[in-house]
Amino acid sequence: KSVIPLEGLTAALLNKKVQEIASQRGRRGTDSRHLLRQLEGLSRLSIQFGPRIEVPILMYVISAQFGLQRNMDDYMDTSMWRSCASYLERISKVIVDDGYKLGVHTVDEADLVLGNQGGNSAANRMKAAASGTQGAMAAVAAEQTLINPHSGEAESEDERAERLRVEREASMSEDEKKTIPVVGSLSMYLNTLEQEYTKSLQKISHHTAEYVARLRDEAKLVMLLTKGQTYFQREGMTDEAASIAQLRVEHLYYRHDTIAKQVDKAAEFYEIYGEVDMLHPACVSEGRAGTDFTISHPAASSGKPIMADDPADGTDWSELIQSLCTFVYQNGSDMAKARATICHVFHHALHDRFLEARDLLLMSHLQDKIYDVNDISTMILFNRMMVTLGMCAFRQGRIWDAHQCLAEVCSGRVRELLAQGVSMGRFSDKTPEQEKAEKRRQVPYHQHINLDLLEACHLISAMLLEIPNMASSSVSDAGNHRRTRPISRTFRKYHDIYDHQVFTGPPEQTRDYVMRAAKCLMKGDWKSCVDLCTNLEVWNLVPGEGSAQSIQSMLQEKIKLEGLRTYLFAFSAQYDSLSLSQLCGMFDMTKNEVHSVVSKMMINRELFASWDQPTETIVLRKVEPNSLQAMALQFAEKAANLVEANERLLDATSGNHGYRDDWKGGDGEDRRNRGGYHHQGGTNRANQGFNRRDGGNFGGRGGGRRGGRGGG
């Protein structure tokens, strides 16, 4: 009422006032919050005139709300964000449920400066005063001589504007009536709303109840994005629909199905009943009181409010993610396709669908193209996906695959590579602008990957691969010279640090437990190793029913198997023969399992022995090289290193820094085929990874290249 009088209020007068207020935005000395309150008041008055008048004013209100943030580090407070979301929800209801569509309304800057129609008429009167023959007073008095052509009666300027608006709408077709011209873009407003929500989660401390309450708004945001995508698809605006679909994917991909159901149920409970703390104490009790209100409170008659599980309303999240990503693949930009692929692989890996995730990643060739992407946030998302894929492989017992995925990210600065923290060292060379940019890229706390769980998966997978490797390298057998190359340098570094400690107390951190377990495994004490690895508390953080028990049983089987291999590597030189039944009793394995492990070691020339089937014993053979053979092996290894150094020098001079898998010499001959030892080691290491169609290796950065050139 303080903005505009209610008596004689018309749609044209309301639009004129909105244009006047909008023209004041951005001027020096104006109060943005005061203008916003005026626009909000006009938006409430516009409801009575229908969506064609209400929606454009709401777009002005939303634009004014986003304009309150002074710089890119400021974020919209929770009450303002929810108010903006409610306005967008109203617009979405009009355009989706009522069948309207948004048009483009261009505003002339001269109209804004002169006050729209009133300014134009004033300008016309000044022109008439300057060129008229009857004098200036007669031209100015023309305002009182406006005549309605239909009735012949005098009318004011506002009445004429309203009459012209009504006549213009009466002459419109049904399609034109359903088109609402607005200033601004709905797609841009939805993107900005999502960015403000993410910034608020980055700024709010995750230790407070405000952060937990803020998470409820994600359900409303996803609902708005869903309606926006539906509208853009209906209007054939595929680019905007694909960008909105990508935003939906990024707010759904990281949630496990069990968690997603609980989150949606909590959001629905809040919409119906409000805050749990605000419920009356009488209705919080488990039982239901009677209807005799003389002895019980009326709130206790209905009992505690709960959300019943409805199987019919269950959402298939994997199918939803599949449909959204497919739409982005078909209509999105290159960056959106890459991010959608990463999110899709992440969601597969989170639900233990390792084969689907691996195939999708390899077919997309993302591991080759990700380093050409100039977007740091996409690289961070790729790191998160690789880590999740590695933990998925670990849960399924694919130890080598897990180590290949986790080795690069976990080699150092894990917190920065996953955008879960900022390093604030004393000798940091980052500028203040770089630190601010890094803080803007931080992942919200509820999307964090637990670093203790990640470290446990990485170190245990490295332990199961490296301990047998270390045991074999410590024995000077002739056939084991190719296994001296370390598989995990990070694990070797931690293991050496642990060995060099003068006093080692009880294990406290995850790394200490794994190092202690590694020492036990080196001695053949697999039972102590199993106890140390399976009793870690981080396994309870894995989502899914029975996940902790399945991981513990998998670890027990893997540790027994690697314990047997380590024992044979370390102590086979002390025996002439080994009994199969004795090995079965030592490692609690069946005869078939022990027979399979020992036979594979024989085939791979890791164990020089043979089976004596009648007595079920393993007859070991001594193959220690003499001094001449040992010197020949050393010469061959140094020659192979010299050849590799020459190849690197040739690559540097020719500009071929790629180390491609199919890199050949000038005569067409594969250079890796020169030298049987070098070729054998490279082939062996390449076959341990995922073989792509082009002969590469699956893993982190340069996984295929390392596999193709390994062994030298």
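Note: hydrogens, waters and symmetry copies are ignored here, and every other heavy atom, side chains too, is used.
- Atom NZ of Lys337 is separated from atom CG of Leu366 by 12.5 Å, given to the nearest 0.5 angstrom.
- At a threshold of 4.5 Å between non-hydrogen side-chain atoms, the residues Ile321 and Cys343 do not count as touching.
- Nearest heavy-atom pair, Met463 versus Val514, reported as atom, atom and distance to 0.1 Å: SD-O, 3.9 Å.
- Counting only distance, with no hydrogens or angles, the side chain of Ser596 and the backbone of Asn592 share no donor-acceptor pair below 3.5 Å.
- Side-chain contact between Arg248 and Phe327: absent, with no pair of heavy atoms (C-beta onward) separated by less than 4.5 Å.
- The shortest side-chain heavy-atom distance between Ile95 and Glu235 does not fall under the 4.5 Å cut-off.
- Gln396 places no side-chain N or O within 3.5 Å of a backbone atom of Cys392 that could act as its donor or acceptor partner.
- The two residues Phe491 and Ala518 come nearest to each other via the heavy atoms CZ-CB, 3.8 Å.
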Quiz item: Can you check salt bridge (Lys or Arg N to Asp or Glu O under 4.0 Å) on Lys199 and Glu196, steps first, answer last?
Solution: CA-CA 5 Å; Lys199 283 199 296 185; Glu196 293 294 336; 3.5 Å; yes
Quiz item: Yes or no on side-chain contact (heavy atoms from CB on, under 4.5 Å) for Tyr189 and Ile91, after CA distance, side-chain angles and deciding distance?
Solution: CA-CA 11 Å; Tyr189 288 163; Ile91 296 175; over 6 Å; no
Quiz item: After noting the C-alpha distance and the side-chain angles of Met385 and Leu381, does the key distance pass the side-chain contact (heavy atoms from CB on, under 4.5 Å) rule?
Solution: CA-CA 6 Å; Met385 178 269 295; Leu381 189 62; 5.9 Å; no
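- In summary, Lys560 and Glu557 engage in a salt bridge, as defined by a charged side-chain N under 4.0 Å from a carboxylate O.
- Glu562 contributes no side-chain N or O that, together with a main-chain N or O of Pro468, makes up a donor-acceptor pair within less than 3.5 Å.
- Looking at Asn331, its side chain never comes within 3.5 Å of a backbone N or O of Thr238 through a donor-acceptor pair.
- Interatomic distance, Asp452 CG to Gln509 CD, rounded to the nearest 0.5 Å: 8.0 Å.
- For the pair Lys369 (side chain) and Ser364 (backbone), a donor-acceptor distance under 3.5 Å is present.
- Of the possible polar contacts, none joining the Tyr253 side chain to the Ile342 backbone as a donor-acceptor pair under 3.5 Å is found.
- Within the 4.5 Å cutoff, the side chain of Leu451 has heavy atoms near those of the Val414 side chain.
- Around the CZ atom of Arg413, the shell of radius 6.0 Å holds no more than 12 heavy atoms that belong to other residues, nucleotides or ligands.
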Counting only pairs under 3.5 Å, give me each side-chain donor-acceptor contact of residues 533-542, with atom names and distances, residues two or more places apart or in other chains.
from, atom 1, to, atom 2, distance (Å)
Thr534, OG1, Val530, O, 2.6
Asn535, ND2, Asp531, O, 2.8
Trp539, NE1, Cys533, O, 2.8

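- With sequence neighbours left out, Leu247 forms a side-chain contact (heavy atoms from CB on, under 4.5 Å) with Asn191, Glu194, Leu225, Ile244.
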Exercise. Give the intermediate values and the outcome of side chain to side chain donor-acceptor pair (under 3.5 Å) for residues Glu250 and Gln246.
Key: CA-CA 6 Å; Glu250 294 190 8; Gln246 175 58 28; 2.8 Å; yes
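- Here the rule is side chain to side chain contact (heavy atoms under 4.5 Å, CB included) with Cys529, and of Leu521, Leu464, Ile467 only Leu521 fits it.
- Using a 4.0 Å cut-off between charged side-chain N and carboxylate O, Lys439 and Glu435 make no salt bridge.
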Quiz prompt | salt bridge (Lys or Arg N to Asp or Glu O under 4.0 Å) assessment of Glu644 paired with Arg648 | solution = CA-CA 6 Å; Glu644 185 174 1; Arg648 292 179 182 272; 3.3 Å; yes
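- Of the charged side-chain nitrogens involved, at least one lies within less than 4.0 Å of a carboxylate oxygen, so that Glu606 and Arg565 count as a salt-bridged pair.
- Side-chain atoms of Leu193 and Phe66, non-hydrogen and from C-beta on, do get closer than 4.5 Å to each other.
- Closest of all the heavy-atom pairs between Leu361 and Gln367 is O-OE1, 3.3 Å.
- Using a 4.0 Å cut-off between a side-chain N of Lys or Arg and a carboxylate O of Asp or Glu, Asp217 and Arg214 qualify as a salt bridge.
- Pairing each heavy atom of Arg339 with each of Ser377, the nearest pair is NH1-OG, 3.4 Å.
- To the nearest 0.5 Å, atoms SG (Cys457) and CD1 (Ile551) are separated by 6.5 Å.
- Counted within 6.0 Å of CZ on Arg82, heavy atoms from surrounding residues, nucleotides or ligands total more than 12; the atom is thus considered enclosed.
- For the atom pair Gln442 CD and Lys203 NZ, the distance stands at 10.5 Å (nearest 0.5 Å).
- When Leu465, Leu561, Ile460 are each tested for a side chain to side chain contact (heavy atoms under 4.5 Å, CB included) with Ile399, only one passes: Leu465.
- Exactly one of Arg489, His403, Arg492 qualifies for a side chain to side chain donor-acceptor pair (under 3.5 Å) with Glu466. That residue is Arg492.
- Here the closest heavy-atom approach between residue Gln447 and residue Tyr254 is recorded as NE2-CE2, 3.6 Å.
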Quiz prompt | Verdict with supporting geometry, Leu186 and Phe232, side-chain contact (heavy atoms from CB on, under 4.5 Å) | solution = CA-CA 10 Å; Leu186 179 63; Phe232 289 127; 4.2 Å; yes
Quiz item: When you look at Gln195 and Tyr75, which way does the side-chain contact (heavy atoms from CB on, under 4.5 Å) test go after all the steps?
Solution: CA-CA 9 Å; Gln195 293 173 5; Tyr75 69 96; over 6 Å; no
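- Side-chain contact between Asp257 and His347 is present, with heavy atoms from C-beta onward closer than 4.5 Å.
- Contact of the Met335 side chain with the Val373 side chain is registered, since non-hydrogen atoms from C-beta on lie closer than 4.5 Å.
- Using a distance-only test at 3.5 Å, with no hydrogens or angles considered, no donor-acceptor pair links the side chain of Glu240 to the main chain of Ser187.
- Between Tyr211 and Leu215 the shortest side-chain heavy-atom distance falls below 4.5 Å.
- Gln552 and Gln556 are not linked by any side-chain donor-acceptor pair at a separation below 3.5 angstrom, with hydrogens and angles left out of the test.
- Phe354 does not carry Arg398 over the face of its six-membered ring by the limits of under 6.0 Å from the centre and within 45° of the normal.
- Between the side chains of Ser550 and Arg395, not a single donor N or O lies within less than 3.5 Å of an accepting N or O.
- Between the CZ atom in Arg384 and the CZ atom in Phe346 there is a gap of 5.0 Å [rounded to 0.5 Å].
- When every heavy atom of Ala402 is checked against every heavy atom of Gly390, the shortest pair comes out as CB-O, 3.3 Å.
- No more than 12 heavy atoms of other residues, nucleotides or ligands shown are found within 6.0 angstrom of NZ on Lys436.
- Applying the side-chain contact (heavy atoms from CB on, under 4.5 Å) rule to His448 yields the partners Gln420, Val443, Tyr445; only residues at least two apart in sequence or on another chain are considered.
- Using a 3.5 Å distance cut-off with no hydrogens or angles, the side chains of Ser205 and His207 do not pair a donor with an acceptor.
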